[in-house]
Amino acid sequence: MGEQEALTQIKKDIEANPVCLFMKGTPESPQCGFSAQVVQILNSYGVKYHAVNVLADYDVREGIKKYTNWPTIPQLYVKGKFIGGCDITSEMHRKGQLAPVLEAAK
Ligand SMILES: N[C@@H](CCC(=O)N[C@@H](CS)C(=O)NCC(=O)O)C(=O)O
Ligand code: FES
């Protein structure tokens with residue numbers, strides 16, 4: 001895709017989708033356990049989200065890590081704000097902190 005184009009696309013996806021997940025694979029077929037876990041959590045809320053498969057484009061995979069200066073995938077964004085990866089999302093879910101965040105994005 002090209003580095004600059006990838007960053008533009010990333011920004012667009014995050015701004016256009018109230019809940020946006022950068023993951024490995026697709027929600028139907030996650031290619032990594034960390035991504036699968038976040039998909040499972042989001043699905044448990046029945047929330048609508050846009051998923052970007054970083055394995056489909058190397059520049060998106062690298063670009064999303066630069067975008068928030070966060071070294072890993074998955075990455076969850078709600079209303080344009082970075083929420084976290086698998087650990088943070090799981091912890092928030094466990095503590096009941098994710099529901100209000102997702103509710104605000106409806
Ligand atoms: N502890 C991380 C687990 C995610 C993780 O370690 N991801 C790795 C392996 S899938 C990663 O994205 N590495 C960089 C890459 O594959 O480009 C989290 O909470 O999200
Ligand atoms: S792809 Fe190996 S840990 Fe995620």
Side-chain angles (χ1 to χ4, degrees):
M1 188 182 269
E3 218 173 299
Q4 201 49 53
E5 199 187 333
L7 283 172
T8 304
Q9 184 61 47
I10 286 165
K11 199 165 180 288
K12 215 169 130 186
D13 279 333
I14 289 171
E15 285 172 357
N17 299 284
V19 183
C20 188
L21 176 66
F22 291 81
M23 64 176 290
K24 292 188 177 179
T26 63
E28 295 72 29
S29 183
Q31 297 300 308
C32 170
F34 297 120
S35 288
Q37 190 166 330
V38 177
V39 162
Q40 197 178 20
I41 289 169
L42 289 179
N43 287 348
S44 78
Y45 290 93
V47 71
K48 266 217 280 183
Y49 58 97
H50 177 69
V52 177
N53 179 7
V54 305
L55 297 181
D57 193 294
Y58 176 81
D59 287 313
V60 172
R61 177 177 180 167
E62 295 311 307
I64 193 58
K65 293 184 248 177
K66 283 187 195 157
Y67 187 83
T68 300
N69 197 23
W70 184 262
T72 52
I73 290 125
Q75 293 190 22
L76 178 66
Y77 293 81
V78 178
K79 291 174 83 182
K81 189 172 162 282
F82 176 61
I83 302 299
C86 178
D87 293 345
I88 290 170
T89 305
S90 302
E91 180 82 351
M92 287 176 74
H93 175 55
R94 196 176 60 75
K95 290 181 172 170
Q97 293 169 344
L98 197 56
V101 170
L102 293 174
E103 194 61 38
K106 272 186 184 165

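Ligands are counted one by one from 1 in listed order, and the atoms in each one are counted from 1 as well. The first residue of the sequence shown is numbered 1, and numbering continues consecutively from there. Every value quoted in this text rests on a predicted model; they were computed, and no experiment measured them.
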Tell me which protein heavy atom sits closest to atom 19 (O) of ligand 1, plus the residue, atom name and distance to 0.1 Å.
D87 N, 2.7 Å
heavy-atom search around atom 4 (C) of ligand 1 in the protein gives I73 O, 3.3 Å
Run the numbers for me: atoms of ligand 2, each under 4.0 Å from some heavy atom of C32, listed by number.
1 (S), 3 (S), 4 (Fe)
For atom 18 (C) of ligand 1, the protein heavy atom that lies nearest, with its residue and separation
C86 N, 3.3 Å
Under-4.0 Å salt bridge between E62 and K66:
no
What protein heavy atom sits nearest atom 9 (C) of ligand 1, and how far away is it?
K24 NZ, 3.8 Å
Using atom types as modelled and distance alone, determine if a side-chain donor or acceptor of T68 lies under 3.5 Å from a backbone N or O of I64.
no
Which residue and non-hydrogen atom of the protein lie closest to atom 6 (O) of ligand 1, and at what distance in Å?
T72 CG2, 3.7 Å
Which atoms from ligand 1 have a heavy atom of C32 less than 4.0 Å away?
10 (S)
Do side-chain atoms of S35 reach the backbone of K24 as a donor and acceptor pair under 3.5 angstrom?
yes
Examine distances only and state if a side-chain atom of D59 and a backbone atom of G2 form a donor-acceptor pair shorter than 3.5 Å.
yes
Side chain D57, main chain V60, donor-acceptor under 3.5 Å
yes
Could you check whether any side-chain N or O of Q37 sits under 3.5 Å from a backbone N or O of S90, counting only pairs where one atom can act as donor and the other as acceptor?
no
Using heavy atoms and a 4.0 Å limit, tell me yes or no: is K65 in contact with ligand 1?
yes
